[in-house]
Amino acid sequence: MSATVNNPFQHLVEPLDPKDPQQQFYNLAKLGDPRYDRLPFSIRVLLESAVRNCDEFLVKRSDVESILNWKQTQTQTVEVPFRPARVILQDFTGVPAVVDFAAMRDAVMKLGGDPEKINPVCPADLVIDHSIQVDFNRNSAQFKHTGSFFFRSDSLQKNQDLEFDRNKERFQFLKWGSKAFRNMRIIPPGSGIVHQVNLEYLARVVFKYEGYFYPDSLVGTDSHTTMIDGLGVLGWGVGGIEAEAVMLGQPISMVLPEVVGYKLCGTPDKLITSTDIVLTVTKHLRQVGVVGKFVEFFGPGVAQLSIADRATIANMCPEYGATAAFFPVDDVSIQYLEQTGESQDNRCVTEMLNKPHRSLSKVVELDLNTVVPCCSGPKRPQDRIPVSDMKEDFETCLGAKVGFKGFQVAPERHSTAVPFQFNGQEYTLNHGSVVIAAITSCTNTSNPSVMLGAGLLAKKAVECGLSVKPYIKTSLSPGSGVVTYYLKESGVMDYLFKLGFEVVGYGCMTCIGNSGPLPEPVVEAITQGDLVAAGVLSGNRNFEGRVHPNTRANYLASPPLVIAYAIAGTVRIDFEKEPIAINSEGKEIFLRDIWPTREEIQAVERTYVIPSMFKEVYEKIEKVNERWNSLVAPSDKLYTWDPKSTYIKSPPFFDGLTMKLQPPKSIHDAYVLLNLGDSVTTDHISPAGNIARNSSAARHLTSRGLTPRDYNSYGSRRGNDAVMARGTFANIRLFNKFLNKQAPQTIHLPTGETLDVFDAAERYQQAGVPLLVLAGKEYGSGSSRDWAAKGPFLLGVKAVLAESYERIHRSNLVGMGVIPLEYLPGNTADSLGLTGRERYTVIIPEPLTPRMTVDVKLDTGKTFQVRMRFDTDVELTYFHHGGILNYMIRKMSEN
């Protein structure tokens, strides 16, 4: 947003260059306030936004004062507004956002308002990257000679064609949105991963709008939006519902955060990758406790990290629980902008950020020299394991009690071996056998050092006569065309291909569960032996059921380690003591024999990662996809809903909405729909992957005339509430205490029947009974996913009672009018003796205040208190309206 009319801080405006007085910025140094000089850099970005947007309505002088007084207000739960420069979306979250906008236009028109008021005023970019799947790879492709050292396959083209065939209706809808709404740009499919495209192309560092220069900043509908913090652009993930309000001009209402300083010192070992560093940081900051806080990196070690290294660390910010992971702009940032073709006048930012004397809430330190090669898993990204301990750790997990580090396999079954036939040859699978090896995700594919490291390792492996067993599903899904460019130019692509790591698509793919099918003989062997098979991926999340239903153990690793474990064929290996493989000549080859050094990688990177390739790739990014260009979409301002569509449907969120507010009501005699434990993720609540053939969603789609091959994924169906409501809590790895096992089911308490969750909720709704969900710690962790709040809302869930919440998910619940309740300190379901079979009455008093305690009464006669997690007055306003979108509709319908 540019400057605001009647801004009381207009006297701070000055020309960036006296020779060009029309190019202006707000010079915060002219505040003459010593508190400004002591602010953390990330807080200065919030301050500049508040100063520039101050209108004494949405942003007030008192908000500016609160930010300036950060040293005191950081611990006082002080609410401030923030208006970011822009919003970024990916298609899984972007489609439901555009659906909501289309439905909101209809609702505003019904209330007598101007539907075109529903239009982004904050610039938005939507990158289509979540739809493509690894349907074809080396095991399912046709090959042709191209004149290069090896043959090429048609996997990439086939996957892209299938993506378009499956999603044509969604893509047409998005193209309609790009025409119907101003300030919305669509980056077509096949371009890359949203966060990498943001880093390499969309990010500005300095934003220019209507003659004003100011720091680039953003919020995104994906939790890994924080990746851009590595460039010195402040950004973080928000719920899709909250992002929609920002796009319509509403500031984010946020609690002013503490800022934890993270000092990097020392020099990493020459064999260490940025992935090893980020997995170490993730575990460390989880232990420190940074939930809801900003982390700001500094120290001599920062200068040794490239922007790609910093972006890798910032990308995994959600995994260590912080809101943002900020690397202030420095010379390395400016050099990166020049490399990627975004060179510009950055003085307004460097002036603001080049004041070193800042305060921090606390400081923790990491000596980079202590980092060792590592992975994380088998079920959570924060569970870091040194590579030297992987074999022992997996074998411990195999027998341990079911949990984040346990599979509870009986000791006598640890050596189970299942022979199977594949392509005419016999192989054997065991516990720990690798069946998926994927170089994927913007976390790592944005980083030339680890990608070239993988390529050099592949080259050495091939030259040593090593190979990857053909049944292992290998794939390479770069985050942008730049990656393919430098891998080809440097000569390592042929060696990656030889090991099965061919380019299968440009998108998130395996990292978000779009891993596609495994070969049927592999699935049969896993099922027959009830094996704990492994996936190894260079992604950022490895929650149960996310990567693939048949890989119960999933490990995050650097791209070179992904290849190493693929060659080994198992995670039950100690690379320091055991050979990675024995070649055809009978020679033992160890990982150390083929591992490239940092110096080798940097030499190749300096030669082949050059500015011209960024320019060549991105100057044609919006026009290169011919199928997208030829796609015909309607141009009407109001969308014409097709009742036959199974992808796009007008949601029922605004049915019966009037201008009159209804007072909030207490929840009476609610049943518990699900009784859940700790770390229930948004993948558990609203899965993004394949639709199981025996699920409620599958039965619905079958009733609409679809066959299983046409089901596509839950993520691709987020524009259709009928599918998504049925997909809520449909993850096969959901552990419900009512059943004491993993299943997408629950007990319908009035009858005692075990039903699919949707079917049970439907019965409760037919009986007019409200519902609750009980949960433990970190409810809603993982991906930013608005359907994890929309789905429960449609099932009739009025409140969730948990020990703690992930930040974005709590915000999404508020946005949908679902009450987030939290046990008081020291209380849990167990300590209160709750079984979930009671009926719950939640007393909603008047007036409501932020974070107030309320009474919960059970039909057993027991009463206890909980905290209502509406953290700000703005959130209470949204609740009174029945949710943030209802609030925006009423606001847009006034006058």
Side-chain angles (χ1 to χ4, degrees), residues 129 132-163 189-193 196 422-423 434-442 444-445 448 450-463 466-511 514-519 522 535-539 547-548 557-567 569 617:
D129 67 348
I132 192 166
Q133 302 183 35
V134 192
D135 290 288
F136 296 93
N137 74 327
R138 62 172 176 160
N139 291 332
S140 50
Q142 296 179 343
F143 296 85
K144 59 182 179 181
H145 187 65
T146 62
S148 60
F149 185 62
F150 295 117
F151 287 81
R152 289 283 177 254
S153 84
D154 57 355
S155 296
L156 172 61
Q157 189 61 52
K158 282 189 170 184
N159 286 330
Q160 289 181 332
D161 287 345
L162 190 52
E163 173 195 22
S191 302
I193 302 174
Q196 188 162 341
F422 183 78
N423 288 348
V434 174
V435 295
I436 289 178
I439 298 176
T440 180
S441 174
C442 54
N444 283 290
T445 69
V450 293
M451 295 302 290
L452 288 169
L456 290 172
L457 184 143
K459 180 176 185 293
K460 293 183 179 187
V462 170
E463 290 170 346
L466 306 185
S467 61
V468 175
K469 294 181 176 66
Y471 63 80
I472 296 175
K473 186 161 191 177
T474 50
S475 61
L476 168 59
S477 50
S480 80
V482 171
V483 181
T484 306
Y485 201 132
Y486 65 66
L487 290 177
K488 285 182 176 179
E489 290 297 307
S490 63
V492 299
M493 182 68 91
D494 287 333
Y495 298 97
L496 289 164
F497 183 89
K498 181 69 172 178
L499 294 181
F501 291 91
E502 59 173 311
V503 175
V504 294
Y506 296 94
C508 300
M509 303 191 89
T510 300
C511 186
N514 285 356
S515 50
L518 288 173
V522 173
V536 184
L537 65 153
S538 62
V547 175
H548 193 281
S558 66
L561 277 176
V562 170
I563 297 176
Y565 281 108
I567 294 170
V617 168

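From a predicted model like this one, the values you see are computed outputs, not experimental measurements. No hydrogens, no waters, no symmetry mates; every other heavy atom, side chains included, goes into these values.
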Give the C-alpha distance, both sets of side-chain angles, the deciding distance and a yes or no for side chain to side chain contact (heavy atoms under 4.5 Å, CB included) between Y506 and Q160. CA-CA 9 Å; Y506 296 94; Q160 289 181 332; 3.9 Å; yes
Kindly indicate, with the supporting measurements, whether the criterion side chain to side chain contact (heavy atoms under 4.5 Å, CB included) is fulfilled by V536 and L561. CA-CA 8 Å; V536 184; L561 277 176; 5.9 Å; no
Run the side chain to side chain contact (heavy atoms under 4.5 Å, CB included) check on V134 and N514 step by step: do they pass? CA-CA 6 Å; V134 192; N514 285 356; 5.9 Å; no
Test side chain to side chain contact (heavy atoms under 4.5 Å, CB included) on L518 and I436; report intermediate values, then the result. CA-CA 8 Å; L518 288 173; I436 289 178; 3.6 Å; yes
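The distance from atom CD of E463 to atom NZ of K498, rounded to the nearest 0.5 Å, is 12.5 Å. Atom CD in Q157 sits 11.5 Å away from atom CG in L162 (nearest 0.5 Å). To the nearest 0.5 angstrom, L487 atom CG is 8.5 Å from I439 atom CD1. Here OH of Y485 is found 13.0 Å from CE of M493. Values are rounded to the nearest 0.5 Å. Rounding to the nearest 0.5 Å gives a distance of 9.0 Å between CD of E502 and CG of L476. Between the OG1 atom in T484 and the CE atom in M451 there is a gap of 8.0 Å [rounded to 0.5 Å].
Under the side-chain contact (heavy atoms from CB on, under 4.5 Å) criterion, S480 pairs with Q196, E200, V482, V483, Y618, not counting sequence neighbours. Under the side-chain contact (heavy atoms from CB on, under 4.5 Å) criterion, T474 pairs with N137, R138, A437, V468, I472, F501, sequence neighbours left out.
Between P560 and A454, the closest heavy-atom pair is CG-N, 3.7 Å. Here the closest non-hydrogen pair linking V504 and S475 is CG2-CB, 3.8 Å. Residues L499 and A461 come closest through the heavy atom pair CD1-CB, 4.2 Å. Residues C511 and T440 approach most closely at N-OG1, 3.6 Å, considering heavy atoms. The two residues I193 and S441 come nearest to each other via the heavy atoms CD1-C, 3.8 Å. Among all heavy-atom pairs drawn from K473 and S515, the shortest one is NZ-O, 2.8 Å.
Using a 4.5 Å heavy-atom cutoff, the side chains of D494 and V462 are not in contact. Counting only heavy atoms from C-beta outward, the side chains of V503 and P478 approach each other to under 4.5 Å.
Of the possible polar contacts, one joining the N159 side chain to the F136 backbone as a donor-acceptor pair under 3.5 Å is found.
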